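Only one structure is covered here, and it is reproduced in the block below.
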Amino acid sequence: HKICGDGPFTKKCDKWIEDRFGTKQALLTTSGSSALDMAALLCDLKPGDEVILPSFTFSSTANSFVLAGATLVFVDIRPDTMNIDETKIEAAITDKTKVICPVHYAGVACEMDTIMAIAKKYNLMVVEDAAQGVMSQYKGRALGTIGDFGCFSFHETKNYSMGEGGAILINNEDYIEKAEILREKGTNRSQFFRGQVAKYNWVDFGDSYLASDLNAAYLWAQLEMADEINENRESMIAYSAIGQKAGVEAKQAWDPDMTKRNEIAKLASQYAPEFEFEVAGTTTINGFVPGQNKEFGMNHLMEELNVTKE
């Protein structure tokens with residue numbers, strides 16, 4: 001079994017991302033940082049070119065563009081989302097600006113309609129740092145599929161993990177061939193394996209961004225049950241929110257073994273209606289959408305906890 005890059009599990013993961021999120025092409029990488037590195041290089045930045053990014057983000061966002069030779073221009077964030085303040089982007093644009101890099105912090109979407117409109121107005125490229133945004137959406141579109149490029153992280157700290165790994169999403173068909181060459185050490189090896197060329201050669205600059213197929217296999221097992229993983233996390237958030245309303249620790253409110261079912265039921269009975277109103281239509285409790293029917297929601301939660309409401 002092939003365990004180097006672009007083995008069968010890598011291809012499964014790439015296709016799943018393409019089909020699920022609707023991107024032109026997805027390529028697994030060695031990290032989310034590597035995906036950003038590729039995106040920055042694909043933007044063909046020159047010394048002096050400027051990249052707009054939020055003042056609050058992980059170092060990789062900045063590092064990738066610095067390594068590509070760009071000058072960083074930081075824009076302040078919104079206090080409600082911790083994302084770049086879209087109303088302040090236009091004032092930061094100069095004749096040297098080439099790229100806007102919105103970061104979807106904690107999977108919360110930036111205001112992409114505004115950002116894309118600004119990019120179109122000034123003929124700028126958009127690189128979405130969606131490291132924390134896998135399975136998140138903006139107005140029905142998957143994060144990472146709206147700009148020219150999107151970058152995912154599958155680091156151990158993320159909701160879906162391959163230990164170390166990431167993916168770049170190519171949403172502009174004009175960059176697919178160049179992305180493949182860049183990822184394969186500057187060679188047209190991907191075309192060779194598809195039978196498009198008789199032999200592969202070094203045709204441009206590049207690096208080795210291919211993730212091991214062992215890591216991809218680990219990720220594939222999670223992508224096969226991605227919806228179940230996502231629903232479980234939503235349930236944990238719902239229970240934790242109820243617990244926080246009652247002033248208890250989140251880990252006490254979320255009780256997968258049901259050892260504190262009566263305590264949780266009392267918390268739910270007291271706090272769920274208020275909680276449901278605040279997050280109506282955004283969070284599910286095992287399939288129930290809070291706010292649609294509070295009484296049904298309480299009964300559903302009590303049934304799940306297997307207790308009688310007191």
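On a predicted model such as this, the values are computed, not experimentally measured, just so you know. No hydrogens, no waters, no symmetry mates; every other heavy atom, side chains included, goes into these values.
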I would like to know whether Asp204 and Lys178 meet salt bridge (charged side-chain N to carboxylate O under 4.0 Å, His left out); could you show each step before the answer?
CA-CA 9 Å; Asp204 204 341; Lys178 186 171 180 62; 3.2 Å; yes

Check the pair Arg183, Asp6 against salt bridge (charged side-chain N to carboxylate O under 4.0 Å, His left out), reporting the backbone distance first and the verdict last.
CA-CA 11 Å; Arg183 179 171 169 266; Asp6 279 346; 2.8 Å; yes

List, one per line, each side-chain donor-acceptor pair under 3.5 Å for residues 26-35, sequence neighbours excluded.
from, atom 1, to, atom 2, distance (Å)
Thr29, OG1, Ser31, O, 2.7
Thr29, OG1, Gly166, O, 3.4
Thr29, OG1, Ala167, N, 3.4
Thr30, OG1, Ser34, OG, 2.6
Ser31, OG, Ser33, N, 3.3
Ser31, OG, Ser34, N, 2.9
Ser31, OG, Ser34, OG, 3.0
Ser33, OG, Ser60, OG, 2.5

Give the table of side-chain donor-acceptor pairs shorter than 3.5 Å for residues 99-111, with sequence neighbours excluded, one pair per line with atom names and distance.
from, atom 1, to, atom 2, distance (Å)
His104, ND1, Cys110, N, 3.1
His104, NE2, Glu128, OE1, 2.8
Glu111, OE1, Tyr138, OH, 3.4

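Considering only residues two or more places apart in sequence or on other chains, Lys15 meets the salt bridge (charged side-chain N to carboxylate O under 4.0 Å, His left out) condition with Asp19. Every salt bridge (charged side-chain N to carboxylate O under 4.0 Å, His left out) that Glu86 has, sequence neighbours left out, goes to Arg78. Annotation: salt bridge (charged side-chain N to carboxylate O under 4.0 Å, His left out) contacts of Glu18 (sequence neighbours excluded): none. By the salt bridge (charged side-chain N to carboxylate O under 4.0 Å, His left out) test, Lys12 pairs with no residue at all, sequence neighbours left out.
At a cut-off of 3.5 Å, with distance as the only test, a side-chain donor of Thr94 or Glu50 sits close to an acceptor on the other residue. Glu184 and Tyr200 share no donor-acceptor pair across their side chains, judged by distance under 3.5 Å alone. With no hydrogens or angles considered, a side-chain donor-acceptor pair links Asp129 and Thr61 at under 3.5 Å. Side-chain polar atoms of Thr157 and His155 form a donor-acceptor pair below 3.5 angstrom.
Enclosure of atom CZ in Phe74 by more than 12 non-hydrogen atoms of other residues, nucleotides or ligands within 6.0 angstrom is indicated.
A distance-only check finds no donor-acceptor pair linking the side chain of Asn83 to the backbone of Ile77 [under 3.5 Å]. With hydrogens and angles disregarded, no donor-acceptor distance shorter than 3.5 Å links the side chain of Ser161 to the backbone of Lys158.
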